[in-house]
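Positions are given from 1 along the sequence. FYI, side chains are in, hydrogens and waters are out, and symmetry mates aren't considered; it's all heavy atoms of this structure. Keep in mind that this is a model prediction, so the values were computed, not measured.
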Amino acid sequence: MLDEMDKRLLDALQKNAHLTAQELGEILNLSPSQAGRRRQRLEAEGYIQSYTARLDPGKLGLNVQAFVQITLGVHGPEHGRAFLSLVSTRPEVISAWTLTGDADYLLRIYCDDLSALNTLIHEVLLPHPAVSRVQSQIVMDQLKRDAPLPT
């Protein structure tokens, strides 16, 4: 169970994962060793899954972001596994969700340009034997960046 100090520590780390035990201690009003032990416990208990760097897609030449809804025409465990296998091999697909409603999956995709997105949709996603429909929405602007989780 998380106490208020744990929540404050998690909030601080979501804003800056590079914080040292000394810096965490100063933020939390704890000794560096206490802050470090709390961090280690939260890592061991799985509250902190990993540390990553947030990259600028534009600087990497990834100029098109899209959300793509996939509807399967054929349902069943083997079709779902086959589609998941396809999605997991594609670096353009940075996240995928299963959904309720009309679509079965929602993919978040980054591509170099519209031509690359078109190729991905028409030469990779649509030809999959279980896929019956693909609907894409191209992001014009991201008004709010991916934010830290509420704790």
Side-chain angles (χ1 to χ4, degrees), residues 1-3 5-21 23-24 27 35-151:
M1 187 156 248
L2 296 176
D3 63 19
M5 192 67 67
D6 291 334
K7 291 177 182 180
R8 288 180 49 216
L9 185 145
L10 292 173
D11 283 339
L13 288 176
Q14 283 190 98
K15 292 174 184 153
N16 181 359
H18 286 292
L19 291 173
T20 64
E23 292 166 328
L24 276 173
I27 291 168
R37 281 193 301 275
R38 278 183 180 265
R39 175 190 238 167
Q40 287 175 338
R41 179 180 54 79
L42 293 170
E43 290 169 349
E45 292 176 358
Y47 288 98
I48 300 170
Q49 295 180 341
S50 67
Y51 296 94
T52 61
R54 185 178 294 185
L55 306 179
D56 183 326
K59 289 190 184 283
L60 297 171
L62 300 170
N63 298 307
V64 174
Q65 179 182 187
F67 289 93
V68 177
Q69 295 180 11
I70 306 290
T71 305
L72 300 184
V74 183
H75 291 83
E78 65 282 353
H79 297 101
R81 281 192 296 274
F83 183 74
L84 176 61
S85 177
L86 169 69
V87 166
S88 67
T89 65
R90 301 304 305 198
E92 307 94 332
V93 179
I94 65 159
S95 54
W97 299 271
T98 58
L99 303 173
T100 61
D102 293 336
D104 295 303
Y105 298 94
L106 176 66
L107 310 178
R108 185 176 182 189
I109 295 173
Y110 277 93
C111 289
D112 294 344
D113 52 33
L114 288 174
S115 178
L117 177 62
N118 184 56
T119 298
L120 178 68
I121 290 172
H122 288 93
E123 295 180 17
V124 176
L125 297 174
L126 276 171
H128 189 279
V131 172
S132 70
R133 183 168 180 257
V134 174
Q135 181 181 356
S136 62
Q137 290 98 18
I138 296 169
V139 174
M140 295 176 62
D141 193 14
Q142 187 169 348
L143 304 177
K144 181 179 178 181
R145 298 288 169 212
D146 296 335
L149 293 174
T151 55

- Message: Rounded to the nearest 0.5 Å, what separates atom CG in Leu117 from atom CD1 in Ile109?
- Response: 6.0 Å

- Item | Check against side chain to side chain contact (heavy atoms under 4.5 Å, CB included), Thr151 and Leu2 | CA-CA 9 Å; Thr151 55; Leu2 296 176; 5.7 Å; no

- Message: Applying side chain to side chain contact (heavy atoms under 4.5 Å, CB included) to Val68 and Leu120, what does each step give before you reach the verdict?
- Response: CA-CA 11 Å; Val68 177; Leu120 178 68; over 6 Å; no

- Between Arg39 and Ala17, which heavy-atom pair has the shortest distance, and what is it? NH2-O, 3.2 Å

List the atom pairs, donor and acceptor, that lie under 3.5 Å between side-chain atoms in residues 70-79 and the rest of the protein, sequence neighbours left out.
from	atom 1	to	atom 2	distance (Å)
His75	NE2	Asp104	OD1	3.2
His75	NE2	Asp104	OD2	3.1

- Residues pairing under side-chain hydrogen bond (donor to acceptor under 3.5 Å, both in side chains) where one sits in residues 116-126, two or more places apart or in two chains, turn out to be Asn118-His122

- Do Leu9 and Ile27 pass the side chain to side chain contact (heavy atoms under 4.5 Å, CB included) test, and can you show the C-alpha distance, the side-chain angles, and the key distance before you say yes or no? CA-CA 8 Å; Leu9 185 145; Ile27 291 168; over 6 Å; no

- Query: Between atom CG of Asp11 and atom CG of Asp6, what is the distance when rounded to the nearest 0.5 Å?
  - Reply: 11.0 Å

- Once you round to the nearest 0.5 Å, how far does CZ of Arg41 lie from CD1 of Ile48? 9.5 Å

- Please, which pairs that meet ring pair (Phe, Tyr, Trp, His ring centres under 6.0 Å) have at least one residue in residues 132-151, sequence neighbours excluded? none

- Could you pull out all residues at least two apart from His18 that satisfy side chain to side chain donor-acceptor pair (under 3.5 Å)? none

- Query: How far does OG of Ser136 sit from CD1 of Ile121, to the nearest 0.5 angstrom?
  - Reply: 4.0 Å

- Item | Gln14: partners by side chain to side chain donor-acceptor pair (under 3.5 Å), with sequence neighbours left out | none

- Query: Which word best sums up how the rings of Tyr105 and Phe83 line up, parallel for under 30°, tilted for 30 to 60°, or perpendicular for over 60°?
  - Reply: tilted

- Message: Taking atom CG as the centre, does Asp3 end up with more than 12 heavy-atom neighbours from other residues, nucleotides or ligands that are less than 6.0 angstrom away?
- Response: yes

- Got a sec, which pairs hit salt bridge (charged side-chain N to carboxylate O under 4.0 Å, His left out) with one end in residues 124-143, sequence neighbours left out? none

- Query: Just wondering, do Leu13 and Leu24 contact through their side chains at under 4.5 Å, heavy atoms?
  - Reply: yes

Please list every donor-acceptor pair under 3.5 Å in which a side-chain atom of residues 92-100 meets a protein atom from a residue at least two apart or in another chain.
from	atom 1	to	atom 2	distance (Å)
Glu92	OE1	Arg90	NE	3.2
Glu92	OE2	Arg90	NH2	2.8

- Query: Does Asp113 have any side-chain contact (heavy atoms from CB on, under 4.5 Å) partners at least two apart in sequence or in another chain, and if so, which?
  - Reply: Ser115, Ala116

- To the nearest 0.5 Å, atom CD of Glu43 lies from atom OH of Tyr51 at 3.5 Å

Under 3.5 Å, sequence neighbours excluded: what are the donor-acceptor pairs made by side chains of residues 55-65?
from	atom 1	to	atom 2	distance (Å)
Asp56	OD1	Gly58	N	2.9
Asp56	OD1	Lys59	N	3.3
Asn63	ND2	Gly61	O	3.4
Asn63	ND2	Asp112	O	3.4
Gln65	OE1	Arg108	NE	2.8
Gln65	OE1	Arg108	NH2	3.0
Gln65	OE1	Tyr110	OH	3.4
Gln65	NE2	Tyr110	OH	3.3
Gln65	NE2	Gln142	OE1	3.4

- Item | Those residues that, when tested against Arg8, pass side-chain contact (heavy atoms from CB on, under 4.5 Å) (two or more places apart) | Met5, Leu28

- Query: Can you tell if the side chain of Val134 reaches within under 4.5 Å of the side chain of His128, non-hydrogen atoms only?
  - Reply: no

- By side-chain contact (heavy atoms from CB on, under 4.5 Å), Glu23 pairs with (sequence neighbours left out) Leu19, Thr20

